[in-house]
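One structure below.
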Amino acid sequence: MTLSLIIFLPLLGALLPPLFIRLGRTACAWSAGLLAGTALAILLYHSPAVFAGETLVFTQPWLPALGLNFALRLDGLGLLFALLILGIGLLIILYARYYLSEHDPMGIVGGYELSVVLASAERIQAHALYPVTLVLILLGAFTKSAQFPFHFWLPHAMAAPTPVSAYLHSATMVKAGVFLLARLFPALSGTELWFFLVTGTGTATVLLGAYHALFKHDLKGLLAYSTVSHLGLITLLFGIGTPLAAVAGVFHIINHATFKASLFMAAGIIDHETGTRDMRRLGGLWRYMPHTATLAMVAAASMAGVPLFNGFLSKEMFFAETLHAGWMGEWSWLLPLLATLAALLSVAYSVRFIHDVFFGTGPKDITRTPHEPPRYMKVPVEVLVALCLLVGMLPAWTVAPLLTAAATSTVGAELPYYSLAIWHGFTLPLLMSLIALVGGVILYLLRFRLFALHDRIFPICDAKAWFECGLARTVDASHWLTAWLENGSLQRYAMLLVASMLVVIGTSLWGLPLTGPVPMDAVDGVTLSGALVLALSVVGLVVSVAFVRFSAPDLALTQLSVEMVTILLLMLALYFLPQHSPAESSAARRWRDGLLAGGAGLSVAALAWGVLTRPLETISGYFLEQSVPGGGGSNVVNVILVDFRGFDTLGEITVLAIAAFGIYALLRGLRLPSPSADGEGRPWAEDRHPLILSAVSRPLLPLALVVSLYILLRGHNLPGGGFIAGLVTAVALILQYVASGVVWTRERLPFDYIKLTASGVLIATLTGVASWWFAHPFLTSTFEYIHLPLLGKFELASAMVFDVGVYLTVVGSTLLILANLGKLTLVSQPHEETE
Amino acid sequence: MTHTIILPVLLPLLTALVLMFGSQRSLAWKRGVSLAATAALLPLGLLLLQQVYSGAYGVYVLGDWVAPFGIVLVLDRLSALMLVLTALLSLPALLYASHGDDNTGPNFHALFQFQLMGLNGAFLTGDLFNLFVFFEVLLIASYALLLHGAGPARSRAGLHYVILNLVGSGLFLLAVGTLYGITGTLNMADLAVRVAAAGPADAPLLRAAGLLLLVVFALKAALLPLYFWLPRAYSAASAPVAALFAIMTKVGVYSIVRVYSLIFGAQAGLLADAALAWLWPLALATLVLGALGALAARELRTLIAYLVVVSVGTLLAGFALNNSAALAASLYYLLHSTLMAGGLFLLAGLIRTQRGAEGDQLHPAAPVSQPALLGSLFFLAAVAVVGMPPLSGFIGKLLLLSSVTPGTQWIWLWAIVLGSGLLALITLSRAGSQLFWNTLDITPVAPRADRLRLAGVVLLLASAPLLSLFAEPVHRYTQATAAQLYAPAGYIHAVLGERDIPRLTIGLEELP
Amino acid sequence: MIAPRRWLPHPLLSLLLLILWLLLFNTVSLAHVLFGLLLGILVPLFTQRFWPGSPRVRRPLHLARYGLVVLGDILIANVEVAWLILGPVKKLRPAFVTYPLDLREDFSITLLASTVSLTPGTVSADVSADRRTLLIHALDVADEAALIAHIKQRYETPLKEIFEC
Amino acid sequence: MELLVAIMIGLLTACGIYLLLRARTFPVIMGLTLLSYAVNLFLFVMGRLGQTQPAVIGVGDGQYTDPLPQALVLTAIVIGFAMTAFVVSLALRARGELHSDHVDGNADPRGPGA
Amino acid sequence: MLAMAIPIAFTLMSLALLLNLWRVVRGPDLPDRILALDTLYINSIALLVLFGIHLDTMIYFEVALLIAMMGFVGTVAVAKYLLRGDIIE
Amino acid sequence: METIIEALVALFLLIGAAFALVGSIGLAKLPDFFMRLHGPTKATTLGVGGMIVGSVLYFSTRGEGLSLHELLITLFLLITAPVSAHMLAKAALHLRLRTVERTRGEGTLPRGDVK
Ligand code: NA
Ligand code: NA
């Protein structure tokens, strides 16, 4: 259980600084440090057991389906990484206390720590993932460890403050991928695919990283690319796949972490003291900060693989392993050669790091006089550098147990014999080291010519720029593609929708004997054509007549009354739309649209024809049967609307209410230019409210109201119903608006249309809820025949109340819509626009 | 008789009506009413989820008219999941909206409630025509919400959105009509029975209807080639509306899953799996184009809109794989992607308000006033969306990738999902660095984020670690859901029982 | 502007509504009569604000006679005009006739204009803004003065008696 | 008769879609309206065209038409009306804010408001 | 006798409707078309009544009534539009 | 049904249809808008009127009592038809639609003061 504390304490530490920020920087540093320290202590407490070869496991099932468990598994490798993360993290906290200026948020370090801890220290063991391929893992691992071709993001993150990059680059974040490789090493390694993928990637990364490191003028850039290179080296080692290569890999992880962290901190100190990281401006700093210079030199020597420092040991092992990798047959010489080349480059940039910064001429254009940093800022560097030396000189006494433990758990088996001695005699690896050292120094001496050559070969594009170039191309291509696909034209999108419809109907019906077995009726009918609104009215009328012809009086009534309101609506809109629109479609476009429209028409007609000539077995018999006994109404269509499928109708009037409500919101505050003349330039007539019209529409209102009441009441038994009645009422009222104007009518209609609409829906809904009282589901209807003396038999049906709700909704929303549209002219500026 | 099933529809409806009545009252009152009602949806959803957790079905027979004659609401694991998801998304969105976004035009809250009513109704209904009606409810509410407040971009995007959806509604009716014309029924369970029994003479017509439905749902879900309207529409909407819209595409996905598992599923005889052949390539192409669109985006909101497109592609590709594990993975991914898209839209809103005139444009501008806070939230969301461990996106994608058996599909899915993940990584790193690192040296002047808004963002983004932490129970539920969906007999039996359904024959008696 | 409420503002309208109600249901049951009466009272109460300057009928019997006269004229004119239409178009003598109005109230002017329009052969095309002139288009007119005199004698004078005496 | 109805539906659809693909809001709205007529007719005739009586119990000889599609069409008409009203208002709003009646808000070559 | 008269009446009415449609298409001006449409509406009332007698049902009465009562609203709206542009002022 | 009644119904139907047709012929045939305006009056009055009388006769003699509600159709038509004719004429005057040359009189009114 304490294992989980190792993770959660630093996590807590990450959250604390933002909370303690008011208490000052020291408190922040202390709080974060204390927690990390505690975690480290717990880790150390467990370490003896690990060194003894035990594996401490704390497992909490996470997602067993994927074999994902939240398993904390403290074995050698885990211990190594945890030590690196916590130990270096602790030192960084101390360092950051002095490095970050007052204005930098302390929380940001914590923020990274959080992600770091999450990303690397969570040990997600993916036991069951083995059928899942290598590629994903490698992809993940390579992305994380900044391997080629993903190595660009790492130097790119250089904007981060130095402690953060120190931590990120050397110790932890980027090694998450390496950790993944190491963790999965026993399971995945040893195949040809593994070798070529991992070794190939590693080699490419080693060389590219080293090459770029040499040509970076920015200190941190150099270190960042060097990190890329070293990670490549570790990857390469895991790729070779032998147990000893794995040992070398693990060993190099340790060594790299120590020297690279100290170098990053040294770079930070230099940046802090001189205000620049550009090596062309730096130089001669030995005079100002000898102590720091010494520390940096030791670390750099280790990075270069100079004997007596820890980097040398793992590099020797690396050389030895490249010589033994036998996968490549007669090309086996290639790997050692490339390894030597990489080492040579690494020597060159290490020398450059030291010489260009601490020796030679300079510093140039420095505003302040550099001096040694505060004491405690150097302590972390000293600790790490001491480690470099100790490990380098006394490997067997220092790092061996940890290495053995970590490597054993990496390889997953007993390790073969290996020796951590400094001196192995005159061997091929030693020769390679020597070549690298001498060659590196020579290369450094030739640096100015090389820089010129580099600038000529890659005038603009260094690797990062290449990546940027490639990315920019991809982005440009995406821009182009997206803009080409999404040209913002409704016509295009609508065309695609229609084409989709055409395709699905077409492919489905193609080749089908479309005509079914049912014989046809004889023909009697009419056809249509004309200008738009007019055509629409004609169509509306024709459709209504068709509804009548096919025994649907309710539909004819509805269609007709909707028709009236729609025409009013369209006429209202036409006023504000240009009377003349420029012809925009090209002939080709009109042909295309014509074909598309024709095809769509044909396909829908085919669909209709196909269905109409087939027999139908429908559930409707039930409605005809149950309408009177169950629904209490003889107009089956209406009973379906208010009873069998009353829920649809509730939704439908809700739609109407929302539309009205939305239109009200949409038109509020809208100002439209009102044309002062019609399309031909004629000024409007002066007679706003023609006498005959207003004189007839006023007495018509009571008559229409009575008719609408009649239609409402009889709807349950004969054609009619709330919707039609509502429209009749609304049209009669709108007629008053047309005949006498908004102000006149509004004075006489003291209703809040919104509330009227809402009350309609509410009545309908509450009618439905009322059935709960009788332990029936929502919208269960009930009806009763009441016999009154003298007056006769009356039916009272709850569905009628529902229909009243429909009626009110329709009246309210229609008035809300049309009155608001009509009102537009009142608020719009007249005569603003002339045709 | 338990009425809880219908409450997710009635509660928002009644709330909306109350808000309409109180349209003249204070904003504080409206916010209170709206927030209370929305908050109640979550326990309600959980209660319903608990009712069907073990695999039971809840059938609510509206008007006491038995299926297939009347309309029924059917609660199964999938619908319960969608209800909970809607509740989870809407409350933070509303919290966020309740700090000013609800004030740029009249009646935001009533429209919001209407939208919820439509969503919940669509998830619950067991009747195809009723599904159409609820589509219309949620669409008309979404039109009004999208246009809430003003602005030319909103008007233009809104016009396209509305017109396309109106055509979509027409196609929906054509499909419903054809289905009725052949099968004589509207109840989805009954349709499943009838479609499965269809003979070769009727099958092509039914296929046309089924594929028309696919077109309609694909338009809503934003599938290639019908997603082009989405980026502009979503990026034109206000932050909370865009966040709520994160579920609009999922309604399309839900409908596809429902219709193509129940009516045109594996057991549909001649029409078995009618849509899968179309769905698979289109979903993958959507994924790719969405990822490229995100890369090309010049505004954060557009970028997120494309991420929504990517998520739809991923989800539908998962469904097209046609196996239970893949569907379970997709449903898990659906939860993740919906909540994260919602959270990102809200976060984009915060960033926009803090970045001054530059808004959420992805080029260097003044820094936000809370870089650490917003940056961390963005980082969290990016990690989750890209699919990096350990957050929910990683788990979702991993579940999906591991659900496919080696073969051609395997190669396509792996290549495209991983490739688009990489593109998303690049896209979001670029966006993040533009928004938080490469800032101009200007002191930010915008006020810090309001607590309500921040709460909205944090609540939604917290879903990434939470979905990850509770991946096991959630995935267990989605697995059970997928299993239930691929065994539609249970659904059909729950709705229709053993009843013999009388049918009236029209047309046959005229045959010689 | 808005007239104050009165009970039974238009008794004739109330009667008309009752008849309308009964005709709609095509029945004369007690229940419907009662309900029709109720509507005859309630509906005008609601709508009287919409009909502020409603006419007062001073001679109801004259009104009935006027209606019969117009119906008869419509029948006769219909046959006449049918022949005109079916005959050669060239023979027709169309004309705009400016008709000087004696009526002063909106409603009675409207009734006159409607009557003119309903009788085939004439259409009232416009009313002047001062309500003193009616523009009539006639399909076939030999003598404008005769037409004006005919309308004045046959329609306008009775209307003036009914509504404006 | 079936053929005539099918042709009429196809014709309405074709006209509606042709108008839908135009560039100006008004024709597009008209196209949508025509399309909705086509769709409503389509939905309606799915109950088949018989020489039968309206589905009002007690009227006629008991050979009733299929009432269900009629009820569906009624719902569809109402929803269609709501949608038409909304899109008309939206077209006006777009005209006010984009100073153009082009569906994409493209400015008129003849200047705003022409 | 009715059996003979009804088809004749239908034929005459159909001719009338066709002539109306011809005028709708022919124009030449918008008022002409609207007038033709208005006539179309009125003729369809006659057609509906005829149809009711033909089918021996009163069920289409309301449809005819509604056209008679509301049919002129469209005509009025277009005419008002031609006169004033703004139909609700 | 009695033959006389049936004959009467048939007669009224034919009269109605004939007048509706004559009106439509006028609409189609007459040379200018204002002349065409006279055509529909026939349809409105005798056309529909004939049908209505036929219908009243038909339904009233089928043993289910008097059926007069068709009269309402005529009533509403008599109220509304002149209004549409009037409004169309106004619009045509405003648009200055062309009239046949032999038309006498001017299609204008003395302005007068607005009431
Ligand atoms: Na107006
Ligand atoms: Na006349």
Side-chain angles (χ1 to χ4, degrees), chain A residues 62-63 65-66 105 107-108 111 122 124 132 159 475 478-479 481-482 486 490 493 496-497 500-501 504-505 508-509 512 517-519 607 610-611 615-622 643-648 651 654-655 658-659 662 665-666 668 754-755 758 761-762 772 775-780, chain B residues 1 3 6 17 20-21 23 61-65 68-71 105-107 114 130 133-134 136-137 140-141 144 147 160 164 167 171 178 181 184-185 204-205 207-208 211-212 215 225-226 228-229 292-293 295-296 372 376 390 398 402 437 471-472 475 502-508 510-511:
Chain A
W62 186 24
L63 188 49
L66 276 181
I108 215 161
E122 38 95 5
I124 305 157
V132 171
V475 171
S478 309
H479 271 305
L481 183 68
T482 309
E486 295 164 43
L490 177 71
Y493 307 161
L496 285 169
L497 184 54
S500 306
M501 159 196 164
V504 298
I505 299 183
S508 300
L509 298 189
L512 162 79
V518 173
L607 202 58
V611 175
L616 169 65
E617 279 192 350
T618 166
I619 54 171
S620 290
Y622 182 85
D643 200 341
F644 292 115
R645 296 185 69 88
F647 199 50
D648 275 349
T654 309
V655 170
I658 302 170
L666 204 59
R668 229 178 60 147
I754 294 181
K755 284 183 182 157
V761 184
L762 191 66
W772 290 355
H776 280 289
F778 187 68
L779 279 178
T780 306
Chain B
M1 169 65 51
H3 302 290
I6 199 174
L17 293 175
M20 268 177 97
F21 276 113
S23 59
V61 186
L62 283 156
D64 230 355
W65 297 109
F69 309 111
I71 296 171
N107 310 317
F114 277 127
N130 196 239
V133 172
F134 276 111
E136 298 306 302
V137 172
I140 187 92
L147 290 155
H160 290 192
L164 287 173
V167 181
L171 298 186
T178 309
T185 191
L205 292 161
R207 183 183 307 276
L211 291 178
L212 264 181
V215 172
L226 305 175
F228 300 145
W229 57 270
L292 290 175
L295 186 63
S376 314
L398 208 56
S402 59
W437 289 120
E472 203 278 328
H475 182 244
R503 314 239 178 216
L504 178 73
T505 306
I506 298 177
L508 264 186
E510 296 178 42
L511 281 175

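Side-chain atoms are counted along with the backbone in the values below, which use heavy atoms only and exclude waters and symmetry mates. Throughout, a chain's letter reflects where its sequence line sits, starting with A, and its residues are numbered from 1. All of these numbers come straight from a predicted model, not from anything done at the bench.
- Side chains of B:P204 and A:L509 form a contact here, defined as non-hydrogen atoms less than 4.5 Å apart.
- In this structure, chain A has a heavy atom under 4.5 Å from the side chain of B:I6, while its backbone stays farther away.
- B:I140 is not listed as a side-chain neighbour of B:F114, based on a closest heavy-atom distance of 4.5 Å or more.
- For the options B:G293, B:S23, B:G70, B:A208, heavy-atom pairs under 4.5 Å to chain A are most numerous at B:A208.
- Here B:M20 is the residue among B:M20, B:R207, B:E136 with the most heavy-atom pairs under 4.5 Å with chain A.
- Of the residues considered (A:L666, A:I658, A:L779), A:I658 shows the highest number of contacts with chain B, using heavy-atom pairs under 4.5 Å.
- Heavy-atom distances place both the backbone and the side chain of A:R645 under 4.5 Å from chain B.
- Listed here is the closest heavy atom pair of B:P502 and B:F69: CD-CZ, 3.7 Å.
- For B:L164, the parts sitting under 4.5 Å from any heavy atom of chain A are the backbone and the side chain alike.
- For A:T780, the parts sitting under 4.5 Å from any heavy atom of chain B are the backbone and the side chain alike.
- Nearest heavy atom pair, residue B:V137 against residue A:G651, reads CG2-O, 3.7 Å.
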Worked verdict on A:M501 versus A:L497 for side chain to side chain contact (heavy atoms under 4.5 Å, CB included)
CA-CA 6 Å; A:M501 159 196 164; A:L497 184 54; over 6 Å; no

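- Of the possible polar contacts, one joining the B:W229 side chain to the B:L226 backbone as a donor-acceptor pair under 3.5 Å is found.
- Between chain A and the options B:T185, B:L212, B:L147, heavy-atom pairs under 4.5 Å are most frequent for B:L212.
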From CA spacing to verdict: side chain to side chain contact (heavy atoms under 4.5 Å, CB included), A:I619, B:R503
CA-CA 5 Å; A:I619 54 171; B:R503 314 239 178 216; 3.6 Å; yes

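- Interface remark: B:F134 contributes side-chain atoms only to the contact with chain A (heavy atom separation under 4.5 Å).
- Interface residue A:L762: backbone and side-chain heavy atoms are both found under 4.5 Å from chain B.
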